[in-house]
Amino acid sequence: MKLERVVTCTAPVNIAVIKYWGKRNEPLILPTNSSLSGTLNQKDLKTITTAAGFKNENNTTGEVELILYLNGKLDANSQENQRLKNVLREMTKAASSQQSQFNTIIVVSENNFPTAAGLASSASGYCCLVYTLAKLYQLDWSNEQLSIIARQGSGSACRSMFGNWCKWEMGQLEDGSDSKAVPCVSGKSDAFAQEMEILICVVSDQKKHTASTDGMRNSIKTSSLMKERIEKVVPERMIQMEEAIANADYQTFSELCMKDSNDFHAVCRDTTPPIHYLNETSFAIMDLVDFYNKVLCKGQNGVAYTYDAGPNAVLYIHGKEHKQKFAKLLQQVFEISGNTTLEPIDLNEEWKIKATELKEKKHNQLKNWIETTLGAGPQIVSTDLSDQTNHLIHLQTFVPK
Ligand code: PMV
């Protein structure tokens, strides 16, 4: 087996501020609405993937053999994973005009997320796989084109192809060729991304109890709110959200962000059987954000929450000062260790009582938080065949490190 080329890349996690919920075509993963997300900084959260291409005389099948290691384990199920197979088929198709010199590829992929982050890894994982294979094959495809393939692994993966703010345009075509990610770069959007601070409040690190594909299917079948969301609410909100980002208008951004999260979870509750992704701690964080904005900031919002298919809150915060203050508040109310040195914040009577109640409930508590910012899209780390440090496999023995 002769190593011909090796590439290592990284890709970010993204968190939607206008949620994707619903597929109009399940195999192709075509959504029922467009969505918009912020891209988290890879300094704190990322997937890293190495792809090594070999000329292997023992492979006489005429097909490309793929050996996949995910988070330190050989992924024996990769043949049964239809989405992974779809992505690999599309990548092989894309590379077919490329006179590829490989017939065996080893892929090693790992997440650097803190184990207790409770974050879904499929978005950064599929984005990184597609991006790394494209660089291995030396395809001159744009990230927009690659997002169409990443989408077929996990819908939200397409939005990890760009930094800062990214929109997934739902598209209209049946073959999905116009359902792709595009960066949101108009007006002051980049400056607005720089101002943003992110706190991920980890309430649970358990796997979500209703898989998103099943939940989406049931919402489409049974929720009347879903119909309203798809046809009216999201199309209007997408325009308003893009405008708010382009104008660096945090007040409008924060209102839309929280409203969309609330609407999405209302659709979940309106589904039969109802889907409950949030728990008491999630609701307490929502109330605390509300108290912070309304009482402490007198209606000039400084914090916005959003929740995906689980109880963890992701907070989009307007600048460092608000982040410090809100972290202090979380620390006071949930009694967890934090690194803020601020003086305790004055809680009103209602919150003094609430904080005591929350402390008495030992279950459902806030476990920790992760601080980050927004950041860049996928990056190439190394394509150097003699690089001994950056690739995830040993280049002499071809085993994962
Ligand atoms: O891409 P999936 O199948 O993991 O779906 C993600 C759906 C939400 O996270 C709930 C919303 C979103 O837009 O990311």
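As the structure lists them, so they are numbered: ligands from 1, and atoms in each ligand from 1. Keep in mind it's a predicted model, so treat the numbers as computed, not measured.
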Q. Using a heavy-atom cut-off of under 4.0 Å, does the side chain or the backbone of Met216 touch ligand 1, or both, or neither?
A. side chain
**Q.** Residue part near ligand 1, for Ser35, under 4.0 Å between non-hydrogen atoms
**A.** neither
Below 4.0 angstrom from a heavy atom of [X], which ligand 1 atoms are there? Numbered from 1 as shown, please.
{"X": "Ser156", "value": "1 (O), 2 (P), 4 (O), 14 (O)"}
{"X": "Asp308", "value": "9 (O), 11 (C)"}
{"X": "Ser212", "value": "2 (P), 3 (O), 4 (O), 5 (O)"}
{"X": "Lys19", "value": "11 (C), 13 (O)"}

For residues 392-401, tabulate all N or O donor-acceptor pairs below 3.5 Å that involve a side-chain atom, not counting sequence neighbours.
| residue | atom | partner | partner atom | Å |
| --- | --- | --- | --- | --- |
| Lys401 | NZ | Gln388 | O | 2.8 |
| Lys401 | NZ | Thr389 | O | 3.4 |
| Lys401 | NZ | His391 | O | 2.7 |

Using distance alone, decide if ligand 1 has a nitrogen or oxygen within less than 3.5 Å of any nitrogen or oxygen in [X].
{"X": "Arg159", "result": "yes"}
{"X": "Trp21", "result": "no"}
{"X": "Ser154", "result": "yes"}

Q | Nearest option to atom 7 (C) of ligand 1, as decided by whichever heavy atom of Tyr20, Tyr126, Tyr277, Phe264 sits closest | A | Tyr20
(Q) I'd like to check the salt bridge (charged side-chain N to carboxylate O under 4.0 Å, His left out) partners of Lys73; sequence neighbours left out, ordered by chain and number. (A) none
Q.
Looking only at the side chains, is there a donor atom on one of Ser382 and Asp387 sitting less than 3.5 Å from an acceptor on the other?
A. yes
Q. Side chains of Thr104 and Glu65: donor-acceptor distance under 3.5 Å anywhere?
A. yes
Q: Please confirm whether Tyr292 and His322 have ring centers closer than 6.0 angstrom.
A: yes
Q. Of Arg237, Arg269, Lys19, which is the lone residue that meets salt bridge (Lys or Arg N to Asp or Glu O under 4.0 Å) with Asp263?
A. Arg237
(Q) Using only atom types and a distance under 3.5 Å, with no angle test, would you say the side chain of Ser34 pairs donor to acceptor with the backbone of Met170? (A) yes
